[in-house]
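Take a look at the structure set out below.
Atom set for the values below is all heavy atoms of this structure, side chains included, hydrogens, waters and symmetry mates excluded. Counting convention: from 1, in listed order, for ligands and their atoms alike.
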Amino acid sequence: MSAREFKLKSHGLTDVGKLRDHNEDSFAIRESEGLFVVCDGMGGHAGGEVASSVAVETITDFILNQKEGDWPFGLDAEAPEPGERLRNAALLANQRITERIEREPWLARMGTTMVSALVAEDGTSWVANIGDSRAYLWHEGTLRQVTSDHSWVNEQVQRGVLSSAEAAAHPLKNVITRALGARDSLPVDLVEEHLQPGDWLLLCSDGLTGMVEDEAISTILSEPDRDPEEACRLLVEAANAAGGEDNITVVAIRAALPA
Ligand code: CA
């Protein structure tokens, strides 16, 4: 592969928030491989922390150390290979979590969301997600959610039963319809995007998006000199200033022109 047309800069930050006494989110950044992961765990008896960290470790290990021809959940030859890597990594994480539950039954209720991205040398980016952790692409002042939430309220929005505003305030807004740790078959959503110089790719848990409107997120990213570290700090501060009701995790990736 040729050298990147731009330099990738990234930073990640996780924060317990204002109300919870422990943090069940996990994230990983492997900038040289273009790999980024955010997981938001759930379940009693410390299960949330276990599920999200098992998922992040499994996904990172699979993507970094995958042997040629190693496709534990099959390779769709028609599909782009980076997406297939993310899909296999997610399903392997699901398997690791269910195996852990079999060994440690008190963790039976644990599960985790997952959003992961692989950014190639030329800016082509593949994003995989399960649950309601999100990826956004910011391009020339416009912020666009590139993932679909696997949540009960989003299903009602898709059916026209709830408006987006009603969904955001709904008492069941935290109910997700897909998670790693499920025994049944698990479809992994994959999207392909293209990062251009100046663009941001943002991965986050719902502790950010449940507290901070997309417009406010976009405003923070729109400052031309903003670097990823500062962006993460300001996003977490904004979520905490709005109440910090949940754990907050952000991974901010910027395609910067070489200096
Ligand atoms: Ca959460």
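Within the 3.0 Å limit, D40 places at least one N, O or S atom next to the Ca ion (ligand 1). Taking 3.0 Å as the threshold, D132 does not count as a candidate ligand of the Ca ion (ligand 1), since none of its N, O or S atoms lies below it.
Listed here is the closest heavy atom pair of L86 and S116: CD2-OG, 3.6 Å. The heavy-atom pair separating T112 from A55 by the smallest distance is CG2-CB, 3.7 Å.
Side chains of V127 and V115 form a contact here, defined as non-hydrogen atoms less than 4.5 Å apart.
D206 has its closest N, O or S atom to the Ca ion (ligand 1) at the position named OD1. Minimum-distance N/O/S atom of D246 relative to the Ca ion (ligand 1): OD2.
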Does W152 form a ring-ring contact (aromatic ring centres under 6.0 Å, His included) with H170? I'd like the steps, not just the answer. CA-CA 10 Å; W152 184 83; H170 200 280; 5.3 Å; yes
